[in-house]
Structures are given as structure tokens and as C-alpha cells.
Amino acid sequence: MLLKTVLLLALVAQVLVLENGLLRKPPMGWLAWERFRCNTDCNEDPKNCISERLFMEMADRLAQDGWRDLGYEYLNIDDCWIGGRDAKGNLVPDPKRFPNGMAFLADYAHSLGLKLGIYADMGNFTCMGYPGTTLDKVVQDAQTFAKWKVDMLKLDGCFSTPEERAEGYPKMAAALNATGRPIAFSCSWPAYEGGLPPEVNYTLLADICNLWRNYDDIQDSWSSVLSILDWFVTHQDILQPVAGPGHWNDPDMLLIGNFGLSFEQARAQMALWTVLAAPLFMSTDLRTISAQNMDILQNPLMIKINQDPLGIQGHRILKEKSHIEVYVRPLASEASAIVFFSRRTDMPYPYRTSLARLNFTSSKVYEAQNVYTGDIISGLQDKTNFTLIINPSGVVMWYLYPIRKLGTPQQ
């Protein structure tokens with residue numbers, strides 16, 4: 001056992017010097033899972049099954065409908081693409097559903113200015129029962145993905161032991177780096193260990209993974225969004241410091257455009273994920289998405305805040321008896337994002353507060369832009385009282401920035 005531990009520590013030490021330089025800002029793109037799951041019946045449902053056609057059509061939408069130009073550049077495949085392994089042990093896609101192979105799909109994505117993400121599992125099987133990546137296959141599979149010109153790997157953790165994950169995730173990080181191809185690494189490892197220290201070593205994770213899933217899979221419901229938010233807030237003192245450029249906490253996909261969220265809830269998820277510096281992976285049908293939901297996901301100021309170069313994750317600073325919560329994220333150029341979030345379910349609520357109450361006590365005069373309406377409030381000082389009307393399950397989100405110091409004349 002001692003020898004095994006020494007060898008594992010030696011492997012980890014070797015990996016710690018590896019830095020792929022990727023994802024200095026939270027990744028943005030589209031991921032198949034939440035909306036399309038493991039639908040493999042292309043006879044009955046050819047438009048929506050996990051297939052080459054689905055990903056090519058989503059790639060077209062990303063390129064043609066403004067998504068790519070706003071930063072949504074990843075086209076990510078999830079489970080259920082694998083057809084098996086060939087005679088040499090190499091992973092191969094399902095030949096009926098991906099007749100031209102994965103290298104073809106990667107080339108197609110790249111031709112549109114997009115990047116391709118793929119899925120594997122650090123275990124005997126993937127979560128849906130397809131061939132997994134066992135320890136003896138890690139290097140081979142990394143080389144396969146690089147040969148296909150894949151740009152991101154999501155490595156799940158079903159059907160594996162804690163010991164296999166502890167060896168396998170660092171081993172895959174080293175194997176991806178060894179290919180010479182820049183492949184961003186999304187790890188599900190912490191979600192399988194409870195998401196918290198001491199079982200999860202976030203210092204190690206930040207060195208080997210570009211992003212990681214900490215908690216449960218999101219489902220298409222508001223209760224699922226709230227359960228994830230609650231977990232992140234409860235443990236924010238642990239999670240907030242470990243996020244930053246190149247290594248992000250991932251609360252899972254955006255539900256906007258699907259079936260489970262109201263308009264207010266959709267706007268709330270977008271704002272809350274943004275203030276948490278979360279990856280923005282849509283999982284909806286981009287061929288049929290409504291203009292209203294496109295407006296939420298394509299909000300330029302929201303995306304600017306999400307992609308802020310400092311990469312600081314925000315946190316909840318206030319939880320009021322009125323069921324209003326306030327979240328703040330520090331941004332570049334002394335700006336901040338503030339989300340006023342209502343957990344009320346009765347009626348719009350007038351929330352009265354001041355910047356001083358939100359811990360803004362500097363001798364500056366601020367301007368606040370409403371991220372969703374574009375309205376601007378000028379001349380805010382720390383003791384200026386203001387009232388916001390926040391809809392049930394909704395948000396008001398501000399982009400707050402200083403315009404001058406107190407005592408200096410207005411330009």
C-alpha cells in the first residue's frame with residue numbers, strides 16, 4: 001500500500017508542472033446532454049437522436065445565429081456516441097449514427113470557427129453503459145482524441161472506484177498534455193467524492209483540470225437550479241477561492257430554452273451562473289429556440305461580465321428575512337456585478353437598500369447599468385438609498401462601476 005501511495009504521489013507531482021494554458025475565461029458553448037440525453041433511436045426520431053446530423057445542425061446554428069461571435073464556441077458531445085473498440089482497442093463512434101467518424105465532425109466544427117468537445121468515462125463503462133476508459137486505456141484514448149483533433153474532453157466517473165479516479169484523472173491530464181494538442185479537460189471527479197475536502201483536493205484539481213463538476217446533474221426544473229445554487233452558496237467559502245483563470249467550478253448546464261423554467265427563472269439562472277463565473281454551456285434546441293430565450297443567452301453585457309478577465313467567482317453577501325438575496329462578483333476596472341435575487345413566490349417585492357449595506361464604502365460615485373433593461377442609474381454614493389422591484393423567482397442585475405471620486409467635479 002505504501003509503495004502504491006508513493007507511486008501515486010510521484011505521478012501527481014509529475015502532473016503538477018503541466019499547464020495547458022487553456023480556458024483563461026469560463027468556456028461557452030453548447031452541450032447535448034440535458035436536452036437530448038441518450039436518445040439513440042434515429043429511426044423513430046432522426047432529428048433529435050445523438051448523431052452526426054444533430055451536431056452538424058447545432059454547429060450551423062452556433063455559426064449562423066450569432067452564438068459563435070458572442071463566445072459560444074464549443075460544440076460538445078456527451079454520452080452515447082461510442083460504438084465500441086476496434087481490433088486495436090481504439091474507441092470508435094457508432095457507425096450508423098456517426099458514419100463519417102469523429103475527425104470529420106471535428107473538421108466540420110473547425111471549418112465554422114467552432115471547437116469540438118467529446119465525452120469519456122474514467123471507469124469500466126460510461127454512465128449509460130458504453131465502453132469506458134479504464135486505467136490501461138487512458139493514454140490510448142487521449143491519443144485517439146488528439147488524432148481526431150478534439151478540443152475538450154469531459155471525463156465522467158461512473159463505474160469506477162475512488163482509487164481508480166485518484167490515479168486516472170491525473171493520468172489523463174498528463175496524457176492529454178503529452179499529445180501536444182491543446183485539449184481542455186473537464187473533470188467530473190469531485191462530484192463523485194462529495195465535492196468537498198478532505199475527499200476533494202481542490203489544489204490538485206486546479207492543477208490538472210480546467211473545469212470540474214462538483215455536484216449533482218442539473219434537471220429541467222427550477223427546484224434543480226435552486227438545489228445546485230444552495231449547495232454552491234452553502235460551501236462558497238471553500239469553492240470561491242479555488243476558481244479562476246484556467247480552472248473553474250462548473251454548476252452544470254443552462255436550462256434556458258427548454259421546458260422547466262419560467263421567463264423570470266431563466267433570467268435568474270443566467271444571472272446567477274454569470275455571477276458565479278460559471279461555464280456557460282447551453283443545452284437546448286438551437287433550431288427552435290425562441291427570440292425571448294435567445295435574448296437572455298445572447299445578452300452582450302451579461303457575457304462581458306461572465307468573461308471578465310479577473311476570473312473571480314462571486315458569492316452571496318446577504319440573505320434577507322424578506323427572502324431577497326444579494327450576490328456580488330468583483331470585476332476588472334473596479335467594477336462589480338450585483339445580483340438581487342428573489343426567492344419569493346407571491347408578488348413583485350420592493351427591496352430598499354444602499355451600497356453601504358452591500359459593503360461598498362469607498363469615497364466614489366458610482367453608475368449602475370441594469371444588465372437586462374439597459375437602464376442606467378447615475379450618482380450613486382455609498383449611503384444613497386434606492387429601491388428595486390424584484391419579481392418572484394426573478395432577479396435584478398447591475399453592472400456597477402465608479403465614475404469619479406467624491407469631491408471631484410463631474411466631467
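Bear in mind that the values here come from a model prediction, so they are computed numbers and not experimental data.
In this structure, the side chains of L105 and I77 come closer than 4.5 Å at one or more pairs of heavy atoms. Considering only heavy atoms from C-beta on, Y327 stays 4.5 Å or farther from H315 through its side chain. Two residues are said to be in side-chain contact when any heavy atoms from C-beta on lie closer than 4.5 Å; H323 and S342 fail this criterion. Residues P182 and N20 form no side-chain contact, since every pair of their non-hydrogen atoms from C-beta on lies 4.5 Å or further apart. Here the side chains of R357 and L318 are in contact, with some heavy-atom distance below 4.5 Å. With a 4.5 Å cut-off on side-chain heavy atoms, Y119 and L155 do not count as touching. The shortest distance between side-chain heavy atoms of P279 and Y74 does not fall below 4.5 Å. Counting only heavy atoms from C-beta outward, the side chains of V395 and I390 never approach each other to under 4.5 Å.
In terms of heavy atoms, A184 sits closest to N210 at CA-OD1, 3.3 Å. For the pair S223 and S221, the tightest heavy-atom approach, listed with the atom from each and the gap, is OG-OG, 3.1 Å. In this structure, G168 and M122 approach most closely via the heavy-atom pair CA-SD, 3.5 Å. In terms of heavy-atom proximity, I338 sits nearest to V326 at CG2-CG1, 3.8 Å. Across all non-hydrogen atoms, the minimal contact from S160 to G123 is CB-CA, 3.9 Å. W273 and P251 make their closest contact through NE1-CG, 3.5 Å (heavy atoms, listed as atom of the first residue, atom of the second, distance).
In this structure, R267 satisfies the cation-pi test against Y372, with its NZ or CZ atom closer than 6.0 Å to the six-membered ring centre and inside 45 degrees of the ring normal.
For the pair T203 (side chain) and N201 (backbone), a donor-acceptor distance under 3.5 Å is absent. Listed for the R68 side chain is a donor-acceptor partner under 3.5 Å among the backbone atoms of L112. Listed for the N370 side chain is a donor-acceptor partner under 3.5 Å among the backbone atoms of T373. In terms of modelled atom types and a separation under 3.5 Å, the side chain of R37 and the main chain of E34 share a donor-acceptor contact. R213 places a side-chain N or O within 3.5 Å of a backbone atom of D216 that can act as its donor or acceptor partner. Although no hydrogens or angles enter the test, the distance criterion places no donor-acceptor pair under 3.5 Å between the side chain of E193 and the main chain of P190. The backbone N or O of A32 sits nowhere less than 3.5 Å from a side-chain atom of N76 that would complete a donor-acceptor pair. For E164 (side chain) and G157 (main-chain N/O), no donor-acceptor pair under 3.5 Å exists by modelled atom type. A donor-acceptor contact shorter than 3.5 Å is absent between the side chain of T384 and the backbone of L380. Judged by distance alone, the side chain of Q240 and the main-chain N or O of Q313 form a donor-acceptor pair under 3.5 Å.
A side-chain donor-acceptor contact under 3.5 Å links E367 and S378. For the residue pair D156/Y192, the side-chain donor-acceptor check at 3.5 Å is satisfied. Between the side chains of H235 and N214, no donor N or O sits under 3.5 Å from an acceptor N or O. Under the 3.5 Å distance criterion, with hydrogens and angles disregarded, no donor-acceptor pair is assigned to the side chains of D207 and Y202. Between the side chains of R35 and T284, not a single donor N or O lies within less than 3.5 Å of an accepting N or O. The closest side-chain donor-acceptor pair between Q369 and Y399, if any, does not fall under 3.5 angstrom.
Between E325 and R316, at least one side-chain N (NZ, or NE/NH1/NH2) sits under 4.0 Å from a carboxylate O, which counts as a salt bridge. Classification of E57 and R287 as a salt-bridged pair holds, one side-chain N sitting under 4.0 Å from a carboxylate O. Taking a cutoff of 4.0 Å between a charged side-chain nitrogen and a carboxylate oxygen, K96 and D94 do not qualify as a salt bridge. With salt bridges taken as basic N to acidic carboxylate O contacts below 4.0 Å, none links K137 and D141. Salt bridge present: D151 and R181 bring a charged side-chain N and a carboxylate O closer than 4.0 Å. Looking at E320 and R343, no side-chain N of the basic residue comes within less than 4.0 Å of a carboxylate O on the acidic one, giving no salt bridge.
A distance of 12.5 Å separates OH of Y401 from OG of S336, quoted to the nearest 0.5 Å. To the nearest 0.5 Å, atom CE of residue M302 and atom CD1 of residue I296 are 8.5 Å apart. In this structure, the separation between CG on L211 and CG on N249 is 9.5 Å, given to the nearest 0.5 Å. The NZ atom of K171 lies 7.5 Å from the CG atom of D136; values are rounded to the nearest 0.5 Å. Considering CD of Q269 and OG1 of T274, their distance stands at 9.5 Å, rounded to 0.5 Å. With values rounded to the nearest 0.5 angstrom, D382 atom CG is found 11.5 Å from N359 atom CG.
Counting heavy-atom neighbours within 6.0 Å of K115 NZ, excluding the residue itself, gives a total of 12 or less. The environment of F125 atom CZ is sparse: at most 12 non-hydrogen atoms of other residues, nucleotides or ligands sit within 6.0 angstrom.
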Check: Stepwise, does the side chain to side chain contact (heavy atoms under 4.5 Å, CB included) test hold for F55 with I50?
Finding: CA-CA 8 Å; F55 290 97; I50 300 302; 4.0 Å; yes
Note to self: Please evaluate residues V200 and L205 with respect to the criterion side chain to side chain contact (heavy atoms under 4.5 Å, CB included), reporting the C-alpha separation (whole Å), side-chain torsions for both, the decisive distance (0.1 Å), and the verdict.
What the structure shows: CA-CA 8 Å; V200 177; L205 267 177; 3.7 Å; yes
Next item on the list: Check the pair S283, W30 against side chain to side chain contact (heavy atoms under 4.5 Å, CB included), reporting the backbone distance first and the verdict last.
Entry: CA-CA 6 Å; S283 189; W30 182 89; 5.5 Å; no
Next item on the list: Go through the steps to decide whether D78 and F36 satisfy the test side chain to side chain contact (heavy atoms under 4.5 Å, CB included), and finish with yes or no.
Entry: CA-CA 9 Å; D78 209 272; F36 295 96; over 6 Å; no
Notebook entry, point to check: Taking it one step at a time, do D346 and R344 satisfy salt bridge (charged side-chain N to carboxylate O under 4.0 Å, His left out)?
Noted result: CA-CA 6 Å; D346 53 358; R344 299 178 72 93; 2.8 Å; yes
Next item on the list: For the pair D79 and T126, evaluate side-chain hydrogen bond (donor to acceptor under 3.5 Å, both in side chains) and give the outcome as yes or no after the intermediate values.
Entry: CA-CA 7 Å; D79 204 347; T126 72; 2.9 Å; yes
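Ring planes of W212 and H247: parallel class, angle under 30° (limits at 30 and 60°). W398 and F340 have perpendicular rings, their planes meeting at more than 60° on a 0 to 90° scale where under 30° would count as parallel.
Between W81 and W33, the distance from one ring center to the other does not fall under 6.0 angstrom.
Considering I303, I289, L280 in turn, I289 is the only one that fulfils the side-chain contact (heavy atoms from CB on, under 4.5 Å) rule with L297.
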